[in-house]
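As a basis for the values below, the full set of heavy atoms in this structure was taken, side chains included, without hydrogen atoms, waters or symmetry mates.
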2 protein chains.
Amino acid sequence: MAGKATNIPTATILRLSIYHRYLQSLMERGTKVVSSAQLANGTNVNAAQLRKDLSYFGRFGVRGVGYNVSKLLRQIKEILGLGKSWNMALIGAGNIGKALLQHKQFENHGYNFVLVFDKTPFRVGKEILPGIEVHHIDKLKELAATTPIDLAVIAVPASQAQEMADTIIEAGISGILNFAPARLKVPNHVALQHVDFTTLLDTLTYALSTKEKKGAYYNKKKEENRNTRWDSPQSWPDHMINYSNLLVTK
Amino acid sequence: MAGKATNIPTATILRLSIYHRYLQSLMERGTKVVSSAQLANGTNVNAAQLRKDLSYFGRFGVRGVGYNVSKLLRQIKEILGLGKSWNMALIGAGNIGKALLQHKQFENHGYNFVLVFDKTPFRVGKEILPGIEVHHIDKLKELAATTPIDLAVIAVPASQAQEMADTIIEAGISGILNFAPARLKVPNHVALQHVDFTTLLDTLTYALSTKEKKGAYYNKKKEENRNTRWDSPQSWPDHMINYSNLLVTK
DNA sequence: GAGACTAAGTGACTTAATTCACAATATATT
DNA sequence: AATATATTGTGAATTAAGTCACTTAGTCTC
Ligand SMILES: NC(=O)c1ccc[n+]([C@@H]2O[C@H](COP(=O)([O-])OP(=O)(O)OC[C@H]3O[C@@H](n4cnc5c(N)ncnc54)[C@H](O)[C@@H]3O)[C@@H](O)[C@H]2O)c1
Ligand SMILES: NC(=O)c1ccc[n+]([C@@H]2O[C@H](COP(=O)([O-])OP(=O)(O)OC[C@H]3O[C@@H](n4cnc5c(N)ncnc54)[C@H](O)[C@@H]3O)[C@@H](O)[C@H]2O)c1
C-alpha cells in the first residue's frame with residue numbers, strides 16, 4: 001500500500017466509483033482478471049489514466065497480467081469507504097424523495113435511509129415505507145442525536161435548501177447530497193454534492209445548438225476531435241463533472 | 001458580440017447554466033444590475049472566472065457598473081440555446097421517470113416531455129399524465145418521426161440502458177440524459193450526460209472516510225485550504241462534474 | 001468637464017489534470 | 001535458463017483550467 005502524498009485529483013475519486021461499479025459487474029459475470037485496457041474501455045476512460053488513478057493509492061496490479069477483479073474491487077471499496085453501511089436522512093418526502101426511498105439499489109450499495117423528514121402536515125406522521133415514519137423537520141436534531149446519521153439528502157424546494165443545509169450541519173451531519181437547484185454554501189468540513197438535472201440538460205441544449213448554427217459562437221475544427229471539448233456536441237470528458245457534478249463525467 | 005475562437009472549457013458551460021439560474025432569481029427579486037463579484041458570490045465561483053467565462057462569448061457588462069440582469073440573462077439563454085422549447089422523450093416510466101414527469105419546473109425552463117415509453121405491459125397504454133399516454137418502446141422510431149424529439153431521458157434499469165441509447169440514436173435523437181448507472185457509449189455527434197447518484201454518494205463517503213482516518217491514504221495539510229482538493233472533506237470545486245462528470249460542481 | 005472611483009475585460013502566470021512513452025517486472029514458452 | 005511477450009507503474013511532457021493583477025472604459029460628483 002504505497003499511497004502517495006500527492007494531491008489527488010477530484011475527478012480521480014469520481015472515476016474510482018465508476019471503476020468500482022464496473023468491477024462489480026465483472027464479478028457477477030465471473031471474470032477473474034482484468035487489464036487496465038479492458039477496464040478503461042468498459043468505463044470510457046484512457047488506460048493510462050486508470051492506472052494513474054490507482055497509482056495514487058498503491059499498486060494493485062500484476063505486471064504482464066492485469067488486476068485481480070475481486071481484490072481490486074475490495075481495495076477500491078476500502079479507498080472510497082464503502083466497507084461500512086451508511087445511514088442517510090432524507091429531507092423532503094415529495095416526488096423525488098419518494099423515488100429515492102423506493103430505490104432498492106441504494107441498500108445493495110450500503111446506503112440506507114433511516115430517517116425521513118418533511119414539513120407538510122399531511123405527510124408528517126405517515127408510514128412512508130414499512131418501518132419508516134415521516135418525521136417533522138423540527139425533530140431532525142433530536143432524532144439525529146439518537147440515530148447517528150452520516151449523510152443527508154436534500155429534496156426540498158430550492159427556496160428551502162440553504163436553510164435545510166444549515167439545519168443538517170447544525171445537527172452534526174457532514175455529508176450532503178443536494179437535489180434542489182440551488183448552489184449551497186457550507187463550511188469547509190462538510191462534503192457536498194449537487195445533483196443538478198437542469199444544468200445538465202442545459203449543457204445538452206448548448207451542444208445541440210452549437211451543432212446547428214456552427215460558427216455562431218464557436219468555430220468548428222477537426223471533426224474527428226475526441227470527446228473532449230465543445231467543438232461539436234459530444235460526450236462529457238469527466239468532471240465534471242461535474243466534473244462536476246460536478247460534475248460531469250463521460 | 002466578440003466571440004473568441006478559443007476552445008471553451010466544458011466547465012464554463014456548466015457554470016453558464018448556474019449563472020443563468022441565479023440571474024433568474026435576481027430578476028424575480030427585481031434586481032436590475034449585478035456586478036461580477038456579486039454574481040460570483042451567489043454562485044460560489046471566483047469573480048475573475050465568471051468574467052472569463054463570459055468573455056468567451058462576448059462583452060456583456062459595463063465597466064465601472066456591472067451587468068444588466070435581464071440583458072445578461074437573455075444573452076446566456078441565447079448562448080445555451082434556451083430561447084426555444086425543447087421536446088423530450090422519457091424512456092422508462094418507473095419511479096424516477098414518474099418523478100421527472102411530475103416535475104413542473106421543467107416546463108418553466110422550456111423542457112417538455114412529449115412522449116413517454118415503457119415496455120412493461122401494465123404500464124403501456126395508460127394515460128400517465130393528462131394528454132400523455134405511455135407508448136411501447138418499439139414505437140419510438142415511428143412516433144419520433146412525427147413528433148420531433150430533441151432530447152431523450154433514459155430511466156430504465158442499467159442492463160437496458162445501452163440498448164435504449166442505441167435505439168434512441170437510431171431514431172435520430174442526438175441528446176441524452178441518462179439516469180441509469182451505466183457509462184454509455186455513443187457516437188461523437190451525440191451529446192450525453194449522466195446523472196449518477198451513487199457515484200456522487202461515493203465521493204461523499206470518500207470525503208468522510210479520509211476525514212476520520214487522516215493520514216491513511218492521504219496526508220493532512222493546511223486545514224484552511226480552500227474547497228479545492230481532497231485534503232479534507234469539502235465542497236466540490238466544479239465540474240464535475242462535472243465534471244466531470246464530472247461534474248461535479250460546488 | 002476634470003478628476004475620482006468603480007468594475008469589466010483580458011494577457012500573463014500558476015496550478016491542475018491528462019496523456020505519452022518507456023522502463024520495470026511479471027508470466028509463458030521453448 | 002534464456003527469450004519472448006504482456007501489461008503495469010510512473011516520470012516527463014503536454015494540455016487544460018483557473019487566478020492574478022493590471023489596463024481600459026464607463027459613471028458619478030463637484
Ligand atoms: N421531481 C423531479 O423530477 C425533480 C427534478 C429536478 C429537481 N428537483 C428538485 O428536487 C426538489 C424536490 O422536488 P420534488 O419534485 O420532490 O418536490 P415536491 O414538492 O414534490 O417535494 C418537496 C417536499 O419537500 C417538503 N418540504 C418543503 N419545505 C420543507 C422544509 N422546510 N422542511 C422539510 N420538508 C420540506 C414538502 O412538504 C414536499 O413534500 C426540488 O428542489 C426540485 O426542484 C426535482
Ligand atoms: N429511483 C431512484 O431513486 C434511482 C436512483 C438512482 C438511479 N436510478 C436509476 O434509474 C433507473 C430507473 O430507476 P427506477 O427506480 O425508476 O426503476 P423502475 O424499475 O421503477 O423503472 C424502470 C422502468 O423502465 C421500464 N423498462 C425496463 N426495460 C425497458 C425497456 N427496454 N424499454 C422501455 N422501458 C423499459 C420498466 O418497465 C420500468 O417501468 C435505473 O437504472 C436506476 O438504477 C434510480
[N] [atom2] sits how many Å from [X] [atom1], rounded?
X	N	atom1	atom2	value
Gln49(B)	dG18(D)	CD	P	5 Å
Asn68(A)	dT7(D)	CG	P	15 Å
Leu54(A)	dT18(C)	CG	C1'	15 Å
Asp53(B)	dA8(C)	CG	P	14 Å
Arg59(A)	dT10(D)	CZ	P	4 Å

Which listed nucleotide ([options]) is nearest to the side chain of [X]?
X	options	result
Ser35(B)	dT10(D), dG26(D), dA8(C)	dA8(C)
Ala11(B)	dG18(D), dC20(C), dT24(D)	dG18(D)
Arg63(B)	dT19(D), dA25(D), dT19(C)	dA25(D)
Pro9(B)	dA17(D), dA8(C), dT19(D)	dA17(D)

- Task: Between Lys52(A) and Gly64(A), name the one whose nearest nucleotide on DNA chain D is closer to the 5' end.
- Result: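 Its nucleotide being nearer the 5' end, the pick is Gly64(A).
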
- Query: Between Val65(A) and Ala48(A), who's closer to the 5' end of DNA chain D by nearest nucleotide?
  - Reply: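 Its nucleotide being nearer the 5' end, the pick is Val65(A).
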
- If you measure from the Lys or Arg side-chain nitrogens to the Asp or Glu carboxylate oxygens, is any gap between Asp202(B) and Arg21(A) under 4.0 Å?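 Arg21(A) and Asp202(B): not salt-bridged.
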
